[in-house]
Amino acid sequence: QVQLVESGGGSVQAGGSLRLACLASGYTYTFTGYCMGWFRQAPGKEREGVATIGSDGSTSYADSVKGRFTISKDNVKNTLSLQMNNLKPEDTAMYYCAQASFGSCSQVLNGYNVRYWGKGTLVTISS
C-alpha cells in the first residue's frame with residue numbers, strides 16, 4: 001500500500017518561504033514512473049491543483065503560483081518537494097501530495113487521474 005506523508009507546513013508572514021516535502025513509501029518500485037503533484041484546499045474552497053511533475057521531469061503550475069513555487073522530486077529518496085517563495089495570505093491552505101495513475105500529468109492539475117493522496121500539511125500565511 002502506497003503512503004504519502006507530507007511535512008514542512010507552518011506559519012510564516014507574507015513574503016516568506018516554506019519548503020514542503022512528501023515522502024512516498026510502500027512501493028516495490030520507486031515513483032519514478034508516475035506523475036506526482038501538489039494540491040491545496042483553503043477553508044471553504046474546493047481543492048485545487050498547485051503543481052505537477054511528470055515521469056519525464058516536465059512541470060506544470062497553476063497560474064496563481066507561477067514564478068513563486070517550484071516542484072521537484074528525488075527519485076532515489078522517493079521524495080517530492082515544493083519550494084514556496086514570496087508567500088501570500090491567499091496561499092493559506094492545507095497542502096496535499098498526490099500520485100497519479102500514469103507517468104503523464106495530463107489533466108492531473110485539474111484533479112483527474114489521481115490515485116493516491118497524502119493527509120496534508122497546513123500552511124498559514126499572515127499579512
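V114 and V50 fall into different hydrophobic clusters, where Ile, Leu, Val, Met, Phe, Trp and Tyr side chains are chained together by heavy-atom contacts under 4.5 Å. Under the 4.5 Å side-chain heavy-atom criterion for Ile, Leu, Val, Met, Phe, Trp and Tyr, L122 and L82 are members of distinct hydrophobic clusters.
T121 places a side-chain N or O within 3.5 Å of a backbone atom of G9 that can act as its donor or acceptor partner. No side-chain donor-acceptor contact under 3.5 Å links E6 to the backbone of L20. In this structure, the side chain of T124 does not engage the main chain of T92 through any donor-acceptor pair within 3.5 Å. One N or O on the side chain of W38 and one on the backbone of S81 form a donor-acceptor pair closer than 3.5 Å.
Counting only residues at least two apart or on different chains, no disulfide bond (SG atoms under 2.5 Å apart) pair has a member in residues 53-82. Among pairs with a residue in residues 56-106, none fulfils ring-ring contact (aromatic ring centres under 6.0 Å, His included), at least two apart in sequence or across chains. Residue pairs meeting the salt bridge (Lys or Arg N to Asp or Glu O under 4.0 Å) criterion with at least one partner in residues 76-104, sequence neighbours excluded, are R40-D91, R68-D91.
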Report all side-chain donor-acceptor pairs from residues 104-111 shorter than 3.5 Å, counting only partners two or more places apart or in another chain.
unit_1 : atom_1 : unit_2 : atom_2 : d
S104   : OG     : S106   : N      : 3.1
Q107   : OE1    : N110   : ND2    : 3.0

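Side-chain polar atoms of S17 and N85 form a donor-acceptor pair below 3.5 angstrom. If you check the side chains of Q83 and R19, you find a donor sitting under 3.5 Å from an acceptor.
Residues satisfying the salt bridge (charged side-chain N to carboxylate O under 4.0 Å, His left out) criterion with D56, sequence neighbours excluded, are absent altogether. Not counting sequence neighbours, the partners of F39 by the ring-ring contact (aromatic ring centres under 6.0 Å, His included) test are W117.
Nearest heavy-atom pair, A62 versus G49, reported as atom, atom and distance to 0.1 Å: CB-O, 3.4 Å.
The shortest side-chain heavy-atom distance between M36 and L4 falls under the 4.5 Å cut-off. Contact of the T79 side chain with the K73 side chain is not registered, since no non-hydrogen atoms from C-beta on lie closer than 4.5 Å. For the pair M84 and V123, the minimum side-chain heavy-atom distance is below 4.5 Å.
A distance of 8.5 Å separates OH of Y116 from OG of S101, quoted to the nearest 0.5 Å. How far CD1 of I71 is from CG of L80: 4.5 Å, rounded to the nearest 0.5 Å. Rounded to the nearest 0.5 angstrom, C22 SG and Q99 CD are separated by 9.5 Å. We find the SG-CD1 distance between C35 and I53 to be 9.0 Å, quoted to the nearest 0.5 Å.
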